[in-house]
Asks: 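One structure follows; several queries about it will come next.
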Amino acid sequence: MVLSPWLARFRRSLKRHTRSARRPSSPRAVDRPANQFSRRIEVVEGRTLLTTLVINVDEVADVINGNGQTSLREAVIQANSATEDEVIINLPANTTFTLGIAAAGADDATTGDLNITNSTSEILIQGQPGSIIDFRDTGGGISARVFEIAISAHRVELENLTLRGTATGAAGGAILNRSFLEMNSVLVELSSSDTGGGGLQNSGTGNATIINSTFDQNQATGSGDGGAIFNTGQLTVAATAFTGNSGDDGGAISAGANSNTFIETSLFSGNMSAGEGGAIRVGGGNAFLNLSFSQLTGNMAGTNGGGLVAFSSGANVFIDSSTIDGNTASGTGGGVAATAGTLRIAGTTISGNTATVSGGGVAVGVPPGMGPVFTTPADAEIRFSDISFNSAGASGGGVANSAGDLLLFASSVTNNVATTGGGGLANTEFGRSEIVSSTFSGNTAGAGGFGGGLLNESGSLDVTNATVTLNTAASGGGIASRNNANTTVQNSIIAQNILSGGGMGVDAFADTVITSGGNNVVGVGEVGFVNGLDGDLTGTAVTPLDARLAPLANNGGFTQTHALLTSGPASPAIDAGSNSNLDMNDAEFDVDQRGAERILGVS
């Protein structure tokens, strides 16, 4: 990945902010140009000049011998005792530094991992292409992580390095960070920890920024979480790839209690967890994740959340403008699972994911027998998103809500498949779902299944300004309401759905009735939809009402929709809605699925 001008500015501004925060009484000189390091005299009127110490590493062996050459370990020891404002350690290109001094005695840089402790100097360890630091067991039975950044350390920067390490009985396979750490163009690979953070452990006092880097094939073994990173502090990631990492929970990243994790323009591919969160796991009290402009693809979870899981009541997950595709979960939530906590998704494509149980694309809440039941139910909102071509082995091919709270707004749920019911969406176990200004098209419930578009089973489902068409099921091709579920539909189109054989209710099925809020257009009026009553327009089994919808297409906005045909003849849905069914003081009703303001006429 190339470090973009935006990221370069981000990095410089972060450095300026940190320096002023950590050293408020020490005035700062103008930032140096990237990769230009030398002792220098700066003419800065009325300010203290910064001083720099440069250490060139020219000894490959891991030794402390004072022979006139400088090993990497000797350079770190010297840097720890430096008094300059900045210490730069330069490593040569195409050189592998194999560390091999076993930990003994004091916890410092003389043995074991390279402890960085300097509380006043900013330390930059700078490599070049092919600069590798390796502290795995290469045959001598000695291994450790590479760097441990003490809580006392002022600030550490790592650039243009490859790191490989093994932490046994300790966290952070390559790096343990307790202070301020910045990584730029760093490859962390083939590292492992049996406690957590196969590549990096960012502890509660740690503040780590990772830019333009790669974490590849790292492992948190045993019961360790976070194959690449375990974070309980502040973590910012940009333009970074996580590939082929594995852990017990959180194949790439596990974010624990009191953590703040910000991820932008990054890739998570081919990561795997034995438990939850094939790529990312977020949970514990006050755990926060913001994921934007990123892709989660081809990740696998042994239980829930093939791409990502929010697993506790204290989890807060925000996903924006991202792609979550081709992930797999052996439990629920092939793409994303929120078994508890808060989940917000906007402007995101969730496609081609698979769940063995429920929620091929997204799962909200916990189905019976799939985990603990939380006192506070999961709370999810999905806006302006595309949920398509996902599949579930049981219910909810696109979305499954089990005992949670769900709002789906201005989104497209299309071409998803569920084996038992709710090809597009399944609302079960007293879940509460609200569907507003969204499209359900081309979804399928398998043989004998209910609700090709939507299934409400023992829950509460409210549908407003939705289009439900071309979905297929054995019963309730468009929508099915079962087990005394409370289902209400208003200002919606339910038409041209399909029965796959032998069932009832081509457009709507209910074992009691569906409550019509009025002004619906229903192909075959049954179970609560009566032609002419409360503004409903319906057809019959003999003469279904044709809603006159154009094929699914991009008609503007974030997601695909079915436009209303205006001729040949015009769609009966034109001007058939009622403003009285809308609460225009509620922001959800101000715009249609395209994001355009609604045209208000006489109700």
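Note that the coordinates shown come from a computational prediction; the quantities given were computed from them, not determined experimentally.
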Asks: Please determine, by modelled atom types, if Gln490 and Asp462 share a side-chain donor-acceptor pair under 3.5 angstrom.
Replies: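 Indeed, the side chains of Gln490 and Asp462 share at least one donor-acceptor pair under 3.5 Å.
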Asks: Tell me, please, which residues at least two apart from Phe318 pass ring pair (Phe, Tyr, Trp, His ring centres under 6.0 Å).
Replies: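 For Phe318 the ring pair (Phe, Tyr, Trp, His ring centres under 6.0 Å) partners, ignoring immediate neighbours, are Phe288.
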Asks: Return the set of residues passing side-chain contact (heavy atoms from CB on, under 4.5 Å) with Ala541 (not counting sequence neighbours), or none when no residue passes.
Replies: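 Result, side-chain contact (heavy atoms from CB on, under 4.5 Å) vs Ala541: Val524.
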Asks: Scan for side-chain hydrogen bond (donor to acceptor under 3.5 Å, both in side chains) pairs involving residues 472-486, sequence neighbours excluded, and state none if there are none.
Replies: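 side-chain hydrogen bond (donor to acceptor under 3.5 Å, both in side chains) check on residues 472-486 returns Glu457-Arg482, Ser481-Thr487.
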Asks: Under a 3.5 Å cutoff, is there a donor and acceptor pairing between the side chains of Gln593 and Ser437?
Replies: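 There is no such pair between these side chains.
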Asks: So which atom in Gly404 and which in Pro377 form the shortest heavy-atom distance, rounded to 0.1 Å?
Replies: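 Smallest heavy-atom distance, with atoms named: CA-CB, 4.1 Å.
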Asks: When you measure from the side chain of Ser411 to the backbone of Ser385, do you find a donor-acceptor pair of N or O atoms at a distance under 3.5 Å?
Replies: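 At least one qualifying donor-acceptor pair exists.
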Asks: Less than 3.5 Å apart, any donor N or O on the side chain of Asn401 or Ser433 sitting next to an acceptor on the other?
Replies: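 Present: a donor and an acceptor within the cut-off.
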Asks: Hey, which of Val336, Ile387, Leu343 is the one that makes side-chain contact (heavy atoms from CB on, under 4.5 Å) with Ile382?
Replies: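 Result: among Val336, Ile387, Leu343, Ile387 is the only option passing the side-chain contact (heavy atoms from CB on, under 4.5 Å) with Ile382.
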Asks: Suppose we screen for side-chain contact (heavy atoms from CB on, under 4.5 Å). Which residues come up paired with Asn531, at least two apart in sequence or across chains?
Replies: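 Partners of Asn531 under the side-chain contact (heavy atoms from CB on, under 4.5 Å) test: Leu537, Thr538.
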Asks: Looking only at atom types and distance, does a side-chain atom of Asn555 sit under 3.5 Å from a main-chain N or O of Arg594, one as donor and one as acceptor?
Replies: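 No; zero donor-acceptor contacts below 3.5 Å.
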Asks: Show me the donor-acceptor pairs, under 3.5 Å and distance only, between side chains in residues 243-252 and residues at least two apart or in other chains.
Replies:
unit_1 : atom_1 : unit_2 : atom_2 : d
Thr243 : OG1    : Asp216 : OD1    : 2.7
Asn245 : OD1    : Gln217 : N      : 3.3
Asn245 : OD1    : Asn218 : N      : 2.9
Asn245 : OD1    : Asn218 : ND2    : 3.0
Asn245 : ND2    : Phe215 : O      : 3.0
Asn245 : ND2    : Thr243 : O      : 3.4
Asn245 : ND2    : Asn271 : OD1    : 3.0
Asp249 : OD1    : Glu276 : N      : 2.6

Asks: Of all residues at least two apart in sequence or in a different chain, which pass the side-chain contact (heavy atoms from CB on, under 4.5 Å) check with Ser388?
Replies: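 Ser388 satisfies side-chain contact (heavy atoms from CB on, under 4.5 Å) with Ser351, Asp386, Thr414 once adjacent residues are dropped.
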Asks: Measure the shortest side-chain to side-chain distance between His562 and Ser441 over non-hydrogen atoms and say whether it is less than 4.5 angstrom.
Replies: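 A side-chain contact exists here, since the closest heavy-atom pair is under 4.5 Å.
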Asks: By side-chain contact (heavy atoms from CB on, under 4.5 Å), which residues pair with Leu565, not counting sequence neighbours?
Replies: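 Scan of Leu565 (side-chain contact (heavy atoms from CB on, under 4.5 Å), adjacent residues dropped) gives Arg548, Ala550.
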Asks: Will you find, in the side chains of Asp536 and Ser516, an N or O donor that is under 3.5 Å from an N or O acceptor?
Replies: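 Yes, Ser516 and Asp536 have a side-chain donor paired with an acceptor closer than 3.5 Å.
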Asks: Restricting to pairs with a member in residues 418-476, which pass ring pair (Phe, Tyr, Trp, His ring centres under 6.0 Å), not counting sequence neighbours?
Replies: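 Matches after skipping sequence neighbours: Phe450-Phe509.
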Asks: Among pairs that include at least one residue of residues 331-340, which meet salt bridge (charged side-chain N to carboxylate O under 4.0 Å, His left out), considering only residues two or more places apart or in two chains?
Replies: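 As it turns out, there is no salt bridge (charged side-chain N to carboxylate O under 4.0 Å, His left out) pair with a partner in residues 331-340 once direct neighbours are skipped.
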Asks: Pick from Val463, Val436, Ile435: which one makes a side-chain contact (heavy atoms from CB on, under 4.5 Å) with Leu408?
Replies: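 Among Val463, Val436, Ile435, the one that satisfies the side-chain contact (heavy atoms from CB on, under 4.5 Å) with Leu408 is Ile435.
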Asks: With no hydrogens and no angle check, is any side-chain donor or acceptor of Asn520 less than 3.5 Å from a backbone partner on Val489?
Replies: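 Side chain of Asn520 to backbone of Val489: a pair is present.
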Asks: Quick one: which residue pairs count as a side-chain hydrogen bond (donor to acceptor under 3.5 Å, both in side chains) with a foot in residues 499-512, not counting sequence neighbours?
Replies: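 Residue pairs with at least one partner in residues 499-512: Asn497-Asp507.
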Asks: By side chain to side chain donor-acceptor pair (under 3.5 Å), which residues pair with Thr348, not counting sequence neighbours?
Replies: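 For Thr348, no residue satisfies side chain to side chain donor-acceptor pair (under 3.5 Å) once neighbours in sequence are set aside.
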Asks: What residues form a salt bridge (charged side-chain N to carboxylate O under 4.0 Å, His left out) with Asp379, not counting sequence neighbours?
Replies: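 With neighbours one apart ignored, the set is Arg344.
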